[in-house]
Each structure stands twice: as C-alpha cells, then as structure tokens.
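Side-chain atoms are counted along with the backbone in the values below, which use heavy atoms only and exclude waters and symmetry mates. Counting starts at 1 for both ligands and their atoms, in listed order.
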Amino acid sequence: MNYEKFVKEEFNNNNWQGVAESFRGIKNKNVLIFTHDDPDGLTSGAILKELVENVGGRAVVKLPPTYELDESLLDSELAKDDYGAVIVSDKGTVSYYDEYVDKVDKFIIIDHHPPIGEVKKCLLINPNINGYYSCSTSYLAHMLMTYLEYGSKYDDFLALVGLKGDWAVKPAVDEISDYVKCFYRERIEDHFGNLIEKIRSRPTMFEFTQREYTTLLNQITELYFAIGGGGFQYFYNDRDDNLSELDHAKFSFDIIKEQRDNFGFISWRTLEDFINDTADPFKIRKIFGYFKEDWDKTMNLFSGNTSLVYTFGNTDIYKFEGENIPLMPMAGSVYNNELKRNSGDKEVLFIMINRETGGGVHFSLRSTAGGIHSGKFCSNLASRLVEKFNNKDEITGGGHPFAAECKTRKSGVSYEEALEVFRGLINDMKKAEASGSRKEAEELGMDYLKE
Ligand SMILES: [Mn+2]
C-alpha cells in the first residue's frame, strides 16, 4: 500500500480526523509544545513545531525533565503568553491529562505509549489504546503532517530517527515494525540508503542481538541520545568547564533546527559528516566522548560484578549491584544479550540494582525470553515496598515482559530495606516453584509455569 493512503485509512479508522482538523484552527495562534527529552521526543517536537508553522501558527517548544506533564509546569508556562493550543508529545497517554483540557482552547496528545487509565476529553492520536503497534511519536507526528499534506524529506529523516530511538526499526538486523513498513519502503529505502546500509564499526547501544554490524542511522540516533541526556537526564555539566552551562536537551533540539535548512543529510556518509553539519562540533565530540567513556565503564563494572544467583525453570538470573551507575538500563540491555550468548540453552534475566546519589534505589530488569515477566516482577516489588513503607508517589514499578524498572526515588527507603523486600520476593518465588501452585506462580510473574 501507498504511504499516503495508509495514513488516510489510519486517520479514518481511528477517528483522528478531528485532531487533524484542529490543527487548521491553529493559524495565527501561539502553540505550546511539551515533548519528551529522548531522541523520539526531540524529533517529534521538531516535526510538530514545523507543522504548527506550516499551518501558520507560532510554536514554543519545552523539554521538561519529567516524563509525565506536571500540572504546575503547565500552569506556569500558560501564564507566560496567550496560547491557543497545547500539544503534549511522547509524554504518555495518562487519564489525568483530561483535567487539563479547560486550561486552553485545544489540548492535544500525540503519543505511542500504552495508556495509563482512560483519556476521554483530550484530542488524542495514539494507535495503542487497544492492541500494540510498534512505532514512535515521531512517526505519528509525521503521519499527521502527511495527512495535512505538509512535510519534507528532512521530516522523513526525523521520523526515522525517532523510530530508531524507540526500537521500531532495526536496519542492522533487517527488522522493521509492520506498522511502519509502507513509510519505510517508500520514504526511506529508496532515499536514505546512506543511513540504513550495514557497516562494520563500533557497535552502538542499539546492537543487542549481534555486535558485528551497525548503521549510520543507529550512530546518529545514539548521538542524539548521548547529547540530549537520553530522556534520563544523563548530563555532563560537571565533567567539563566547557559544558558547565550547557542545557543538554535544548542543545540537541537546536541541532535539528540547524540541520533542517541545509541539505547535508542527503549526503552524510559518516557520523563525522553529521557532526560537522552542526553549529558546535567541538561540544558534540566532547559530550559523545564522555558518553562512550561512561558506557565502557558501566560495561566493565557489569562484567566484574555480576553473578548467577538463581535459576527458575529455564531462566538463569544474574544480579549486579552498583552505586551511581550511568547509562544503566541501556548498557544492561546489551550486557544481558552478552550473558545470553554465554549461557547455552538457558534464557537470561539480568537484574541490575543501582544505589543512586539522591538516596533512591533503582532496580532495572532485562530479560531475553520473558519466562519471568520483568514488568510483573517490578510491579510486585513496588507494591510490596509501598505496602511496607507507604509513599506510593515516590515508589513505582512496572514494564514489559522483557524490560522493566522499579524506583524508590525520595521515599526514604534505605538500600538494605529495599534489598530485603527484593529477597523476600525471590524467596516467595522459590516457594511457589516448590509448591507448584500455578495461581501463586502467575501472580509472581513466573510465566514459564503457565500451561
Ligand atoms: Mn517515544
């Protein structure tokens, strides 16, 4: 199918026409865009800003460090000017956003995350309300732009970077999500061979299942991740006097602006071509150098301090404990696959536990098969911690079968207390395995015991 036709059908089938039409009403209005500070959020924000300008509006883009949009932040930004619309991009589809709709004429959510609760009042574009279609917010913004008959080759490029950042396209291993296939075939394969061609070079953070090949797209997206803080606010201000004043998220967002009007991207062959097409190659090289240093440091810590602690069914559980570990979840995904390559037939669940500078404890799980459901494990861990110590605003946990997080943040729960609850959960899993109780096992996320 042709991409434009696919877009029209998606808008009709999902009833998104009203959201698209609301963009036409933005003409001559100020529009406030809040977008996520990871590569998908940065590229989505840039596409949406362009689209707002295309329809004759003026866009102000904000890149707050919190993932969900905070009411007090929204209020303080709205107070600064007369806004006709707010767009929340790649920052979750959360039921309480409905409480924000009366603050502004149009309140629009564009997002690909599975919803938390039900959003009823906001204008919403999200294909993952029922079911799951792997994509990115950059891609949804691009679909919207295409539906309204705007967009350039540069926007195709931006949509692609967001898709890469959220793992919906993996050109190094020829895996492309079904939901983006028309776009990929028509807009990318024939026009951006330079970005998706397999090359032998340093493996990026996106090379999990193999470490032999990468692509320029992977390299560029990793660079956006590194310089913007990756949505985790991994900033390098205190590492270098040259960077002490730098606003990482804004700096990486501005690169997109610098590159939009120069057609360099058509002929980029190497990451250096990309870096040289920016206003401040010096700073970019500095930040990327620190990123790679941190990455290697964390990988070395993993290999020196990880041990096999339990085996459940066909899954070996490895545990790592560390303090103030940078880039932990991403490096953990790569290390998890390294463990798998050395584990023979066994599947691997890698549990990382980080004692954070601010006093919080961060549990991060990465699994190769999901026999033990990482998301259920983390949500069980969080609810046990909340049950014992209260403070459910600070303690959260959850995720997917293959990747999940649990964080205690500023709850005041000590490292030892958190570890004790963690060990209690593992012990209950051992008991459930010994007793053979399927119900209990399922509640504990031991999906390998399911029929
Ligand atoms: Mn995203």
Do Glu71 and Lys103 make a side-chain contact, defined as non-hydrogen atoms from C-beta onward lying under 4.5 Å apart? yes
Give the name of the N/O/S atom in [X] that lies closest to the Mn ion (ligand 1).
X      : result
Asp40  : OD2
Asp90  : OD1
Asp166 : OD2

Do Tyr224 and Phe274 have ring centres separated by under 6.0 Å? yes
Taking the basic N atoms (NZ, or NE/NH1/NH2) and the acidic carboxylate oxygens, is any pair closer than 4.0 Å for Asp174 and Lys198? yes
Would you call Lys91 and Glu68 a salt bridge, taking side-chain N to carboxylate O under 4.0 Å as the test? no
Short N/O/S contact of His112 with the Mn ion (ligand 1) (below 2.8 Å): yes
